[in-house]
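No experiment lies behind these values; they were computed from the predicted model shown. First listed ligand is number 1; within each ligand, the first listed atom is number 1. The figures that follow rest on heavy atoms only: side chains count, while hydrogens, waters and symmetry mates do not.
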Amino acid sequence: MTLFDSLRSPVDFLQSRLCVIQHFDLLATEQEWWKTEGGAISSAIDRAGTPWIRMFDRWGKRVDEILYPREYQTMLCKAYRSGVVWRALEENSLIPTYLLMYTISFYDPGICCPYTVSLGTAVPLTKYGSTESQARFLPQLLRKDDSVWQGATWMTEIGGGSDLGAAVNTIAKPAAEGWLLTGDKYFASNAGAELPVVAARPESAPAGVRGLALFLVPRYRGNEAGTLNYSIRRLKDKVATRSVPTGEIELRDSEAYFLGSADAGIYLILEVLNLSRVANSVVSVALAQRAMADALAYAERRTAFGKPVLEHPLLRRQVEVRLKLLRSTFALAWEAVRLLDQVWMERPPYSERYHLFRLVAHLAKYWTAEFAVDTAKWAMEVHGGLGTLAEYGVERWLREAMILAIWEGTPHRQILDGLEVMERKQAHKMLFAQLAEIAPNEALLEVQSEIERVLHLSPDKKEAEAEALFRRLAALSADQLAQRYTQ
Ligand SMILES: Cc1cc2nc3c(=O)[nH]c(=O)nc-3n(C[C@H](O)[C@H](O)[C@H](O)COP(=O)(O)OP(=O)(O)OC[C@H]3O[C@@H](n4cnc5c(N)ncnc54)[C@H](O)[C@@H]3O)c2cc1C
């Protein structure tokens, strides 16, 4: 095996990093299916573009049916059957979910969006749903066949996704049974899902994030068979994740079920977002691995100046350095998975470990997505002019990576929220204690004192200096954590 061989397969790479891989055979089977069947379906769908919507049936009834190629359903249902959602709750661990997501994203990073948002529905329902809601909905989300229900997580409105406290204008009114929601969601992935969770403001709740709450909104109304409970205004034509229908949603007195308690809504919303941020981190690393694998395969065969370009010292060094970065970026993402797996069933008020998790999740979401974009760009460059052509596929990784950096909170959001958890919960102190256990060193002390200096600046100066600090902390944490996985 050469130094680069583990790059060529997601399962080999996971095996090279983790001592124990749960469900190894399952992952190997999943990988084989994607290699022989799924990959071709995925690239055909990427080329064909966004699915269509049929808004009315032939008799004029509003149906908002999303028209996918038949193969898409096969591709989508594969991982639901394998347990990307049901295993988390049946095995009481998120590790199998994120291992599956890593394996699948090597072939299609976008398809993990439906899985992530379905998990983001099943988990809060399990933790915070009423007994009636759980009995009515949970079995459908955990089905092991193609009739499984999908979830979705709809927060963002036209006013923006970063400042949810100001931008969520969807109003929830109490009704005889449950609640009625009215408002518009502007970026709603997995449009058409059977059971989204939706952020809204109960009509008597205060302004700002503290007044937000989380609701389940079934696709169809309870007492009127086949009558839509929300409408899809249109589907968006996106640069990537093209197989995922992302739409604009209209809620008009839509029947809804409350999750959690009146004062805890924003915590529930953040818990859902954190599941997605960790998924995003895992997917970003897998995407970077895929882009590197493609670049490597090309550089081994393309010749220039009398030999394969991979044999030129400049390019070879680039691959070696990037492989080291891939390993450290993976270590950071996997630390977020490991910590989340310990705290995902916690409810507010959270433990110190939960706050440590939050900091690591912000670092991982930020750093892995930056690495994915940078690596996808580099992989295109290695292909030279051919890298820019849609027919060879490598340009897709850059399009997909750009979305990974933006959704689930842009880099700015990760940096500022990371700063907040350091300032308010002193989460960096727990992080440094853990990193020092791996291997104490001077750089740790330097960055820790830099954090203390920045945290004591005025608010404006603190924000202005936050990016350089966050980058340094992310890179350092990734390098330290990678030492755990050295083989
Ligand atoms: C393909 C796709 C699918 C999506 N699916 C969903 C979904 O299913 N559900 C959902 O709820 N949302 C979804 N989103 C929305 C996504 O979460 C938002 O795009 C994201 O949160 C950013 O919000 P925004 O686009 O409104 O940008 P804005 O919030 O308007 O921000 C614009 C810019 O200002 C920056 N900015 C904001 N505040 C600050 C600050 N304090 N300091 C510095 N810079 C700042 C932002 O980082 C960004 O660069 C999706 C987005 C995409 C692209």
Which heavy atom of the protein is the closest neighbour of [atom], given with residue, atom name and distance?
atom: atom 16 (C) of ligand 1; result: Thr156 OG1, 4.0 Å
atom: atom 6 (C) of ligand 1; result: Phe187 O, 3.2 Å
atom: atom 41 (N) of ligand 1; result: Leu416 CD1, 3.4 Å
atom: atom 26 (O) of ligand 1; result: Gly161 N, 2.7 Å
atom: atom 19 (O) of ligand 1; result: Ile406 CG2, 4.1 Å
atom: atom 1 (C) of ligand 1; result: Lys238 CD, 3.5 Å
atom: atom 4 (C) of ligand 1; result: Ser189 OG, 3.5 Å
atom: atom 2 (C) of ligand 1; result: Trp407 CE3, 3.5 Å

request  = Please name the residue in the list Arg277, Arg358, Lys127 that meets the salt bridge (Lys or Arg N to Asp or Glu O under 4.0 Å) test with Glu271.
outcome  =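 Only match with Glu271 under salt bridge (Lys or Arg N to Asp or Glu O under 4.0 Å): Lys127.
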Would you check whether [X] has a nitrogen or oxygen atom less than 3.5 angstrom from a nitrogen or oxygen atom of ligand 1?
X: Thr153; result: yes
X: Gly159; result: no
X: Ile403; result: no
X: His412; result: yes

Could you check whether [X] makes a cation-pi contact with [Y], meaning its NZ or CZ is under 6.0 Å from the centre of the six-membered ring and within 45° of the ring axis?
X: Lys35; Y: Phe106; answer: no
X: Arg347; Y: Tyr128; answer: yes
X: Lys144; Y: Trp86; answer: yes

ask   = Between Ala188 and ligand 1, which part of the residue brings a heavy atom under 4.0 Å of the ligand: side chain, backbone, both or neither?
value =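 Contact part for Ala188 vs ligand 1: backbone (N, CA, C, O).
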Side chain, backbone, both or neither: Lys185 near ligand 1, heavy atoms under 4.0 Å =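 Within the 4.0 Å criterion, Lys185 makes no contact with ligand 1.
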Between [Y] and [X], does any NZ, NE, NH1 or NH2 come within less than 4.0 Å of an OD or OE carboxylate oxygen?
X: Arg413; Y: Asp417; result: yes
X: Glu395; Y: Arg399; result: yes
X: Lys462; Y: Glu423; result: yes
X: Asp108; Y: Arg396; result: yes
X: Asp145; Y: Arg81; result: no

Looking only at non-hydrogen atoms, which of [options] approaches [atom] most closely?
atom: atom 31 (O) of ligand 1; options: Gly120, Ser162, Ala199; answer: Ser162
atom: atom 22 (C) of ligand 1; options: Thr410, Val117, Ile249; answer: Thr410
atom: atom 30 (O) of ligand 1; options: Pro411, Ala464, Gly160, Ala466; answer: Gly160

Does the protein come close to [atom] - that is, does one of its heavy atoms sit below 4.0 Å from that atom?
atom: atom 39 (C) of ligand 1; result: no
atom: atom 8 (O) of ligand 1; result: yes
atom: atom 33 (C) of ligand 1; result: no

inquiry  = Out of all atoms in ligand 1, which are within 4.0 Å of some heavy atom of Met155? Include the element for each.
reply    =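 The atoms of ligand 1 under 4.0 Å from a heavy atom of Met155 are 10 (C), 11 (O).
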query = Are the side chains of Glu408 and Lys365 in touch, meaning some heavy atoms are under 4.5 Å apart?
reply =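 They are in contact (side-chain heavy atoms under 4.5 Å apart), so the answer is yes.
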inquiry  = I'd like to check Ile104 versus Trp34 (side-chain heavy atoms, cut-off strictly below 4.5 Å). Are they in contact?
reply    =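 In short, these two side chains touch, coming nearer than 4.5 Å.
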Least distance between heavy atoms, Ala172 atom then Phe215 atom =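 Closest approach of Ala172 to Phe215: CB-CZ, 3.5 Å.
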request  = List the atom of Arg219, the atom of Tyr230, and the distance in Å for their closest heavy-atom pair.
outcome  =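 Between these two residues, the closest heavy atoms are CA-CE2, 3.6 Å.
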